[in-house]
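Only one structure is covered here, and it is reproduced in the block below.
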Amino acid sequence: MTLSLGCIADDYTGASDLANTLAKEGLRTIQTIGIPTDHLALPEVDAIVVSLKIRSIAASEAVERARASDRWLRERGADHVMYKICSTFDSTDKGNIGPVLDSLRADAGETTVLVTPAFPQTGRTVYQGNLFVGAAPLNESPLKDHPLNPMHDANLVRVLARQSAASVGLVDLSIVARGAEAIVERLAQLASDGNGAAITDAVFESDLEAIGAAALRQRLSIGASGLGLGLARGLIAAGTVRRHERTAVYGKPVAGPAAILAGSCSQATLKQIAKAEQTMPVLRLDPEKLMNGREEAQLALDWAAERMARTPVIIASSSNPDDVSRLQTRYGRDAVGQVIEQSLAAIAEGLVERGVRRLIVAGGETSGAVVDRLAIPAFRLGQEIVAGVPVLHSIGGRHGDMVLALKSGNFGGESFFADALAIMA
Ligand SMILES: Nc1ncnc2c1ncn2[C@@H]1O[C@H](COP(=O)(O)OP(=O)(O)O)[C@@H](O)[C@H]1O
Ligand SMILES: O=C(O)[C@@H](O)C(=O)COP(=O)(O)O
């Protein structure tokens, strides 16, 4: 297999979002969980998205895993590697976007790496280096209350400069609007001024096409699904890849009970749970009890087992920002995140042992913990449910065929869970 595009995603929902975009744009794409072993039979594809769970771990560990994935992708022919970050630039002053950028840049021998989290389909745009979530600057959006990486600064030139050893410049919208050549010229100028990264404005898909064409002149780029769209269109326009209809990679329908697990505390997910509660049973876990032992998870499984032959069930740890912050003050942010993720992963395993084969998970870190516990090695891309969230069909794994949807906490409208279940039926 010779890859036309290699991608490394810093979490699993982000990976499925990017893989969905690439498949929609006509690239034959699969999502792998980590670097696949040699035993895994992979179909012939144009792009592979290697999913890592490195957004919120120690920077040194994140760097090591990203570099290993980069080497694996390049050994399989990928000239260009995209590092997929969150469209809301989820990170802290310690990283991990900056440290990963620094190391992948050095490995690729690049001077100035283009960086843009813009994803206009979900309302993420960048202007004068400032990230907007819909009409709100990042620091006024619900991301200000994220349990693991609250975002308090919308100016990405500043945010990235705090995390990276490199100086960070800006390719502003007036340059992007002039097209790929103008972007390439600006990157060269930023390089000669000693910048190692360039936050790049983008508001419309046409901006992303110009950005994709410019980025393909380099060996590395960093961004969210909008950048993926630009790269895919650039590869097709250059004749490097032939456009494939997405139906060619649809998987088979899978029978069996369906369940939903939510560990995201994002506003969108809280609303989706409230809406679903009108039509299906919802078990709201007691996070305090989860912190104090295994019993809450066992009770959840018993609760689900009584219902799931008749109806899909939802099990959620999700809380509002005040409750999240109270719990974190008591037990510490990292400990809370870890324990709740692992509790939901254990519940997922129990559900699958009891026959669940259709599973929706809300939350990026939560999805990572669940998919790791289920030891699913890779996914084939199915139909798009909403922007950024596809149906995923398992490849390999000890539980046989499963369909999953890994929903970024912030994605989807209020009826997301019912919509997803209808598509996954
Ligand atoms: N009630 C809660 N209180 C505090 N933290 C929680 C609670 N429920 C879940 N969490 C943690 O919050 C984090 C949510 O992150 P994630 O799953 O990535 O969601 P999102 O996609 O919204 O970012 C996880 O680490 C999860 O374990
Ligand atoms: O780019 C995005 O917004 C998503 O693909 C993404 O990365 C999701 O992260 P979570 O919100 O943590 O699921």
Side-chain angles (χ1 to χ4, degrees), residues 7 9-21 31 49 51-57 83-91 97 116-124 131 133 138 141-143 145-151 222-229 261-270 272-273 284-291 296 315-345 347 361-371 386-390 405-412:
C7 304
D10 70 352
D11 83 345
Y12 295 10
T13 44
S16 70
D17 166 16
L18 174 62
N20 175 56
T21 297
Q31 173 180 355
V49 183
S51 325
L52 300 179
K53 189 176 185 302
I54 61 170
R55 189 175 288 174
S56 304
I57 64 172
Y83 180 53
K84 161 72 174 66
I85 56 165
C86 192
S87 64
T88 47
F89 218 77
D90 292 19
S91 52
I97 300 172
T116 185
F119 187 19
Q121 282 174 32
T122 55
R124 276 59 154 169
L131 176 56
V133 178
L138 178 65
S141 78
L143 270 295
D145 297 316
H146 192 278
L148 302 176
N149 42 258
M151 301 304 290
I222 298 185
S225 262
L227 175 62
L229 175 147
L261 291 173
S264 164
C265 300
S266 299
Q267 249 183 44
T269 301
L270 295 175
Q272 288 157 356
I273 296 169
R284 292 178 183 273
L285 297 166
D286 181 337
E288 186 79 46
K289 287 193 182 148
L290 287 177
M291 294 305 298
E296 184 75 350
I315 300 175
S317 69
S318 318
S319 301
N320 62 50
D322 288 345
D323 290 345
V324 168
S325 115
R326 216 168 294 123
L327 201 69
Q328 290 181 337
T329 307
R330 178 128 191 239
Y331 297 99
R333 173 177 292 179
D334 290 348
V336 170
Q338 282 287 324
V339 171
I340 297 183
E341 285 169 34
Q342 289 311 317
S343 304
L344 286 167
I347 294 171
V361 188
E365 296 297 331
T366 309
S367 295
V370 166
V371 171
V386 290
V389 192
L406 308 179
K407 189 195 80 74
S408 156
N410 293 295
F411 284 173

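All values reported here derive from a predicted model rather than from experimental measurement. In each ligand, atom 1 is the first atom listed, and ligand 1 is the first ligand listed. For the numbers below, each heavy atom of this structure counts, side chains included, while hydrogens, waters and symmetry mates do not.
Given atom 3 (O) of ligand 2, the protein heavy atom at minimum distance is S87 OG, 2.5 Å. At the shortest separation from atom 6 (C) of ligand 2 among protein heavy atoms lies C86 SG, 3.6 Å. The protein heavy-atom contact nearest to atom 11 (O) of ligand 2 is S408 OG, 3.0 Å. Shortest contact from atom 24 (C) of ligand 1 to any protein heavy atom: E341 OE2, 3.6 Å. Looking at atom 5 (N) of ligand 1, its nearest protein heavy atom turns out to be V336 CG1, 3.5 Å. When hydrogens are left out, the protein atom nearest atom 5 (O) of ligand 2 is D17 OD2, 2.5 Å; that is the closest non-hydrogen contact. The protein atom (non-hydrogen) at minimum distance from atom 13 (O) of ligand 2 is T13 OG1, 2.7 Å.
With contacts defined as side-chain heavy-atom distances shorter than 4.5 Å, the pair S317/L290 qualifies. Looking at heavy atoms from C-beta onward, D145 lies out of side-chain contact with V324 at the 4.5 angstrom threshold. L138 has its side chain within reach of T88: a pair of non-hydrogen atoms, C-beta onward, lies under 4.5 Å apart.
The residue F119 has no part lying near ligand 2, judged by heavy-atom distances below 4.0 Å. The part of H146 lying near ligand 1 is the side chain, judged by heavy-atom distances below 4.0 Å. Residue-level proximity to ligand 2 for K84 is carried by the side chain, the only part with a heavy atom below 4.0 angstrom. Of the heavy atoms in D11, only side-chain atoms (C-beta onward) come closer than 4.0 Å to ligand 2. Within the 4.0 Å heavy-atom criterion, the part of L327 lying near ligand 1 is the side chain and not the backbone. Residue contacts with ligand 1, taken as heavy atom pairs separated by less than 4.0 Å, involve P287 solely via side-chain atoms from C-beta onward. By the criterion of a heavy-atom distance under 4.0 Å, the side chain of P147, and not its backbone, is placed next to ligand 1. By the criterion of a heavy-atom distance under 4.0 Å, neither the backbone nor the side chain of T13 is placed next to ligand 1.
Closest of all the heavy-atom pairs between K84 and S225 is CE-N, 4.0 Å.
In this structure, of R124, K407, R55, H146, the residue bringing a heavy atom nearest to atom 12 (O) of ligand 2 is R55. Remark: among candidates N320, I340, D286, D323, the nearest residue to atom 6 (C) of ligand 1 is I340, based on non-hydrogen atoms. Ranked by closest heavy atom to atom 19 (O) of ligand 1, the top entry among A362, G337, G363, S367 is G363.
Put simply, part of G409 is less than 4.0 Å from ligand 2, judged by heavy atoms.
Checked against N410 for a side chain to side chain contact (heavy atoms under 4.5 Å, CB included), the options S87, S266, S264, S141 give a single hit: S266.
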